[in-house]
There are 2 protein chains.
Amino acid sequence: MRPTVHDIADTAGVSLATVDRVLNDRPGVRGVTKAKVEAAIATLGYVRDVAAANLAKSRVYPLVFILPAGDNPFMRGLEAEVRRAGFHSAAERTRLSVVPVPAFDAAALVAAIDGAVADQVSGIAAVAVDAPEVAAAIGRAHAAGVPVVTLVSDLANSGRDHFVGVDNVAAGRTAGSLMGRFLGNRPGPVAVLAGSMRVRDHRERLDGFLATIAEMPVGRAVLPVLEGQDDPKLSLSLVSGCLASTPDLAGIYSLGAGNQGLVAALADRTDLCVIAHELTAHTRAALETGIIDAVLNQDAGHEVRSAIRVLRAKADGLPVIAAQERIRLDIFIKDNLPAGPDEDDNN
Amino acid sequence: MRPTVHDIADTAGVSLATVDRVLNDRPGVRGVTKAKVEAAIATLGYVRDVAAANLAKSRVYPLVFILPAGDNPFMRGLEAEVRRAGFHSAAERTRLSVVPVPAFDAAALVAAIDGAVADQVSGIAAVAVDAPEVAAAIGRAHAAGVPVVTLVSDLANSGRDHFVGVDNVAAGRTAGSLMGRFLGNRPGPVAVLAGSMRVRDHRERLDGFLATIAEMPVGRAVLPVLEGQDDPKLSLSLVSGCLASTPDLAGIYSLGAGNQGLVAALADRTDLCVIAHELTAHTRAALETGIIDAVLNQDAGHEVRSAIRVLRAKADGLPVIAAQERIRLDIFIKDNLPAGPDEDDNN
DNA sequence: CTGTTAGCGCATTCAA
DNA sequence: TTGAATGCGCTAACAG
């Protein structure tokens with residue numbers, strides 16, 4: 001059997017309580033005693049049974065996810081993943097809740113953050129809106145000892161403890177690279193559809209995309225960004241207008257919002273090279289029919305689980321293993337589409 | 001707080017032991033009593049705390065991974081992931097071990113399987129070799145009540161409980177699709193490098209690839225398969241020979257073995273479209289220098305963790321959630337390469 | 001500064 | 001057929 005706290009207590013000649021103190025480095029242990037215990041730990045190769053530890057603690061960790069309301073499919077997917085994680089969170093002794101706030105509404109986000117702090121939660125995950133008052137609220141939470149992670153869209157200089165999301169510049173580069181390869185030497189400009197240039201993740205994706213297109217051997221123009229405000233109708237009309245006014249359009253890069261309008265505007269035009277972000281019912285269907293050529297995706301399930309792990313670690317004052325919490329950028333084409341509309345695992 | 005067994009016992013007016021009996025549906029409970037308890041469980045919305053249950057059981061699950069020896073980087077990566085999982089497996093009360101067997105050696109694999117069964121392990125994960133005696137050994141293990149999962153390469157009709165790995169036909173299709181798009185209307189045949197056509201996963205990948213290439217609007221010839229036997233030198237000479245004898249060669253698809261020789265043979269030829277399987281040090285470097293255009297990957301970490309979950313579930317007689325255990329096929333290009341040589345999470 | 005003791009939620013002997 | 005009591009490995013009062 002694996003060594004237990006009793007074993008180290010015995011071989012170190014101390015009591016359980018003392019062992020526990022050095023294990024959780026709590027104060028009130030003499031240097032020599034501590035050394036003895038640590039020696040015993042080392043020689044026995046002790047590893048703490050976290051399950052038992054959590055059981056004994058019987059502490060619960062109320063974690064709150066502050067997510068944009070509305071019917072953005074990706075955000076709704078995130079929420080679904082939180083609920084799914086909540087189901088299994090029993091063993092982890094976490095209590096998950098979701099607080100919806102109007103999208104792009106800095107004031108509402110600030111209120112939600114302050115509210116969570118007032119509620120004594122042990123961690124906050126929020127999709128950041130890029131505004132100074134939001135940074136200030138995050139700062140207050142941090143000052144109050146409540147760990148905060150930004151989700152999907154980051155907010156630097158806010159004092160957030162961690163960012164859970166993909167490298168959006170790399171995502172843009174990936175899109176540009178695929179677009180360039182798929183188009184080959186076919187002439188014609190490409191268009192870009194964004195939700196809003198006021199959100200950081202979209203800006204970063206665009207930067208990466210433009211840089212890669214510029215590096216291509218084949219020169220290619222990028223039309224001015226279409227801002228669809230995540231509104232299906234507006235997105236549809238913008239894309240339709242672009243198609244009408246640019247007969248030689250070769251491709252479209254959708255930064256992540258307005259995919260429904262985009263697909264509607266394209267109808268059955270499979271001749272363009274279209275690359276979009278986020279795998280949802282709309283993009284999946286369009287991928288299958290050939291309207292969209294590739295979808296770049298961040299796995300909402302992985303993000304939620306990573307956020308939970310990070311918040312718990314921060315709440316316990318434990319270190320975060322950065323390499324383990326890196327969120328991958330998935331590339332999907334028609335042929336490697338995961339089977340169901342249901343998402344995956346683990347992790 | 002969440003309801004516990006005590007709460008059920010109280011509201012049902014029975015003892016803990018009785019509650020436990022119906023929870024784990026063990027014999028020795030009258031129908032009426034059982035009904036009362038089940039009613040209490042339902043009304044209270046009880047969910048069992050698995051961590052506490054495992055702690056109380058203090059049962060350990062010795063699981064053995066039978067992996068091909070040798071220096072195939074992917075297999076060594078798998079082994080590394082088993083060790084990594086073993087580190088965290090403490091909380092899961094699993095005891096992981098790795099048994100190396102010579103690659104492609106059916107007899108050795110059979111011996112290893114029978115040995116594990118003799119050792120009373122509670123589960124076996126093995127990279128299957130496609131041979132009847134292996135199927136028979138798996139059948140014996142199954143008959144002895146030891147669950148078996150095949151890893152990476154499957155073996156149907158063997159009675160294995162589950163297969164952990166990617167859909168290799170879809171993987172081949174993905175490769176063919178990318179190859180076709182990247183090449184566009186550039187003329188020239190493509191070559192295929194395999195380890196051996198005797199392993200099922202390679203055969204399936206080839207099938208998918210050929211099918212997709214055949215469906216392409218641009219007709220394209222596929223040269224006879226080069227079998228490198230997972231030997232760097234042989235692979236190198238085969239590819240070199242092919243390059244010499246086929247000046248208009250447009251692309252190469254590497255089914256998964258011999259990437260080191262492939263990269264060596266290509267030297268600094270970045271004009272070919274090269275798609276390979278498995279992200280290793282060699283393929284990663286070649287992706288960065290442009291020798292390889294895309295790498296298809298199955299995440300070894302996910303596979304190992306999935307195998308563990310499945311074996312534990314089988315050992316406990318619990319159902320496996322198929323959707324949750326599906327292994328994804330990752331596409332990597334230069335731009336979405338994960339940062340470190342170190343792998344990830346979760347999960 | 002260190003040790004004793006009593007649980008956390010569940011499984012499991014051993015009695016009744 | 002049912003129940004009482006004990007312990008899994010660890011944490012946390014509370015004493016000393």
Side-chain angles (χ1 to χ4, degrees), chain A residues 1-38 40-41 44-61 89-95 312 315-318, chain B residues 1-38 40-41 44-61 88-95 315-318:
Chain A
M1 286 305 282
R2 230 174 51 188
T4 75
V5 278
H6 290 93
D7 299 319
I8 52 185
D10 288 353
T11 77
V14 298
S15 76
L16 284 187
T18 302
V19 172
D20 185 68
R21 288 188 186 100
V22 347
L23 274 176
N24 300 290
D25 56 31
R26 271 188 279 263
V29 183
R30 241 188 329 164
V32 263
T33 321
K34 184 171 180 180
K36 272 195 303 184
V37 175
E38 280 168 344
I41 291 175
L44 292 185
Y46 170 83
V47 272
R48 167 214 254 96
D49 182 331
V50 263
N54 285 331
L55 177 59
K57 278 204 262 268
S58 78
R59 171 186 170 181
V60 290
Y61 297 76
S89 71
E92 321 290 321
R93 314 207 79 73
T94 58
R95 200 79 61 201
R312 280 222 31 172
D316 283 338
L318 299 175
Chain B
M1 284 308 282
R2 232 173 50 187
T4 75
V5 278
H6 289 92
D7 300 319
I8 311 185
D10 289 354
T11 77
V14 298
S15 77
L16 287 185
T18 302
V19 173
D20 184 70
R21 289 190 184 98
V22 348
L23 274 175
N24 300 291
D25 56 31
R26 271 186 279 262
V29 183
R30 243 188 327 167
V32 263
T33 322
K34 184 170 180 181
K36 274 195 302 184
V37 175
E38 280 169 344
I41 291 175
L44 293 185
Y46 170 82
V47 273
R48 170 212 251 96
D49 183 331
V50 261
N54 285 331
L55 176 60
K57 278 202 265 263
S58 77
R59 170 183 172 185
V60 290
Y61 298 76
H88 293 289
S89 71
E92 321 290 321
R93 314 206 78 74
T94 58
R95 200 80 60 204
D316 282 339
L318 300 175

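Naming convention: chains lettered A, B, ... in sequence-line order (proteins, then strands); numbering from 1 in each chain.
In this structure, B/L16 atom CG and C/dC8 atom C1' are separated by 14 Å, rounded to whole Å. Whole-Å rounding puts the B/D10 CG to C/dG9 P distance at 13 Å. Whole-Å rounding puts the A/D20 CG to C/dG7 C1' distance at 14 Å. What separates CG of B/N54 from P of C/dT12 is a distance of 11 Å, to the nearest Å. To the nearest angstrom, C1' of C/dT13 lies 12 Å from CZ of B/R26. When rounded to the nearest whole Å, the span between NE2 of B/H6 and P of C/dG7 equals 11 Å. Distance, B/Y46 OH to C/dG9 P: 10 Å, rounded to whole Å.
B/D7 has no carboxylate O lying under 4.0 Å from a charged side-chain N of B/R2, or vice versa, which leaves the two without a salt bridge.
One distance of note links CZ of A/R21 with CZ of A/R26; it measures 8.0 Å at 0.5 Å rounding. Here A/T4 contributes atom OG1 and A/L44 contributes atom CG; the two are 9.0 Å apart, rounded to the nearest 0.5 Å.
Contact check, A/T33 against C/dT2: a side-chain N or O comes under 4.0 Å of OP1 or OP2. Under 4.0 angstrom from either OP1 or OP2 of C/dG3 there lies at least one side-chain N or O belonging to A/S15.
Contacts of A/A17 with the nucleic acid, taken as non-hydrogen atoms under 4.0 Å apart, include base atoms. Within the 4.0 angstrom heavy-atom criterion, only backbone atoms of the sugar-phosphate kind lie near B/V14; the bases stay farther away.
A/N54 is listed as a side-chain neighbour of A/R312, based on a closest heavy-atom distance under 4.5 Å.
Map A/P3 and B/G31 each onto its nearest nucleotide of DNA chain D; the residue landing nearer the 5' end is B/G31. Two residues, B/P27 and B/K57, neighbour DNA chain D, and the one matched to the more 5' nucleotide by heavy-atom proximity is B/P27.
The side-chain contact (heavy atoms from CB on, under 4.5 Å) with B/V5 is formed by just one residue from the set B/D49, B/L16, B/D10; it is B/L16.
Partners of A/I41 by side-chain contact (heavy atoms from CB on, under 4.5 Å), not counting sequence neighbours, listed by chain and number: A/I8, A/V22, A/L23, A/V37, A/Y46.
For B/D49, the side-chain atoms get nearest to C/dC10 when compared with the rest of C/dC10, C/dC8, C/dT2.
One donor-acceptor pair, N or O on each side, does fall under 3.5 Å between the base of C/dG3 and the side chain of A/R21.
Where DNA chain D meets chain B (any atom under 4.0 Å from a heavy atom), the bounding nucleotides read 5' to 3' are D/dT1 to D/dG9.
For A/N24 (side chain) and A/D20 (main-chain N/O), a donor-acceptor pair under 3.5 Å exists by modelled atom type.
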